[in-house]
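None of these values were measured; they are calculated from a predicted model.
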Amino acid sequence: MPIPLVDLKAQYAAIKPEIDAAIQRVIGNASFILGKEVSEFETNFAAFCRAKHCVGLDSGTAALHLALLLCDVKPGDEVITTTHTFVATAEGISVIGARPVLVDIDPRTYNLDPRAVERAITPRTKAIIPVHLYGQPAEMDPILEIARTRNLRVIEDAAQAHGAEYRGKRAGTMGDIACFSFFPSKNLGAYGDAGALVTNDDELAARARLLRDHGRRDKYEHLVVGYGYRLDALQAAILGAKLPHLDAWNARRRAIADYYTELLTNSAVVPPYVPPHISPVYHIYAVRVPSGNRDGLRAHLKSRGIETGIHYPIPLHLQPVNANLGYQRGDFPHAEQVADEELSLPMYPELSDQQVEMIAEAVRSY
Ligand SMILES: *Cc1c(COP(=O)(O)O)cnc(C)c1O
């Protein structure tokens, strides 16, 4: 039996009655836009994050765009973020007409390097977007300290990190505002596009609610120019059915990761490094394959029916869409090396120990 990178069908099979009941409830009530399903999920997801507010949106990309608007990022401003991430992290910055200022990563954690953030600050810097990449929180204390002393906003890109912890604090509660994605393959995934903003700030949450729904105060009165960024009630109901399982799913991901790391220590690949004060949720289990062997190992695993991924082969500073930013190959050597060496092994809570053993054995036999 082949082993996929993620297996969304296995998850549905395990919770089918709950999901089907949630979908039937929404269709039966014909209440598809906002309403009880959305507000209940918002309350429950805020509680899960241990945050005050959650505002449901139609994607993580919309969350990043809104977060920047809420932090008053304007054309010509600069926003610092990592070059080693999914393209959406920096898209909102460019859409506003602000400048993404990219920085290199810490070669051990693959998250943005706080010292590089400090060096990238200019008088035009308005905000920092740390990404909790692969489900492992970025090194937040020094980032928050830099932001505090320079009066900058911090927007967490927590799209891969639902439930991850940094010094006991959950991802999404450390900056001014945090962005979550519920893209189907994320640790908490909808059956389509969905996302959310999380914040402890009453005013930011109120403005986010206004902006996601056409600047609407009530049915017919609109206060400001807004967006159609609402979370679907159907997706909210599905997410609400899944949320009670999330802590257990994340715990299983951690157990799988620990087992992989045990089986792959002293092999040809470098397992993830996790600082002791961090509890990741392994959206992705990423290994590094040094000495130009990544693509060969990938083909070897494929021949044994094991699917792998690469997150991400092209860093943002080398993406064609960002050519106008003027970066060149060689600007961020750590990120470039990880782009060439990273390999994502199958990771989903339903993966069995026996499958993990088969995958590790296949890696060792290369
Ligand atoms: C998935 C993801 C996003 C975008 O989320 P969508 O819901 O797909 O728009 C943003 N940032 C990171 C790091 C992601 O992994």
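Under a 4.0 Å N-O distance rule, the pair Arg216/Asp213 qualifies as a salt bridge.
Looking at Leu204, Val198, Asp202 one by one, the single match for side-chain contact (heavy atoms from CB on, under 4.5 Å) with His53 turns out to be Asp202. Considering Asp104, Leu112, Thr81, Val101 in turn, Leu112 is the only one that fulfils the side-chain contact (heavy atoms from CB on, under 4.5 Å) rule with Val117. Under the side-chain contact (heavy atoms from CB on, under 4.5 Å) test applied with Pro100, the options Ile93, Val79, Thr89 reduce to a single match, Ile93.
Aromatic pair His283/Tyr134: ring centres not closer than 6.0 Å. Here His277 and Tyr166 bring their ring centres to under 6.0 angstrom of each other.
Aromatic ring orientation, Phe86 versus Tyr312: tilted (interplanar angle from 30° to 60°). In this pair, His300 and Tyr366 present their aromatic rings tilted. The plane angle is within the 30 to 60° band. Using bins of under 30°, 30° to 60° and over 60° for the plane-to-plane angle, the ring pair Phe182/Phe180 lands in the parallel bin.
Between the side chain of Arg153 and the backbone N or O of Asp72, no donor-acceptor pair lies under 3.5 Å. Here the side chain of Thr261 pairs no donor or acceptor atom with the backbone of Asp258 at under 3.5 angstrom. Between the side chain of His132 and the backbone N or O of Pro280, no donor-acceptor pair lies under 3.5 Å. Under the 3.5 Å distance criterion, the side-chain polar atoms of Glu156 are matched with a main-chain donor or acceptor of Met174.
Val131 and Leu318 fall into different hydrophobic clusters, where Ile, Leu, Val, Met, Phe, Trp and Tyr residues are linked whenever their side-chain heavy atoms come under 4.5 Å apart, directly or through other members. Residue Ile3 is grouped with residue Tyr260 when hydrophobic side chains (ILVMFWY) are merged at heavy-atom distances under 4.5 angstrom, including chains of intermediate members.
More than 12 heavy atoms of other residues, nucleotides or ligands lie within 6.0 Å of CZ in Arg50, so this atom counts as buried by the packing criterion.
Proximity of Asp7 to Pro4: side-chain heavy atoms (C-beta onward) are separated by under 4.5 Å at one or more points.
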Side-chain donor-acceptor pairs under 3.5 Å in residues 319-329, sequence neighbours left out?
{"residue": "Gln319", "atom": "NE2", "partner": "Ile314", "partner atom": "O", "Å": "3.2"}
{"residue": "Asn322", "atom": "ND2", "partner": "Leu316", "partner atom": "O", "Å": "3.0"}
{"residue": "Tyr327", "atom": "OH", "partner": "Leu102", "partner atom": "N", "Å": "3.0"}

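Applying the side-chain hydrogen bond (donor to acceptor under 3.5 Å, both in side chains) test to pairs two or more places apart or on separate chains, those with a residue in residues 25-35 are Arg25-Glu37.
Relative to the six-membered ring of Phe48, Arg170 meets both conditions, a distance below 6.0 Å and an angle of at most 45° to the axis. For the pair Arg212 and Tyr229, the cation-pi criterion (under 6.0 Å, within 45° of the ring axis) is not fulfilled.
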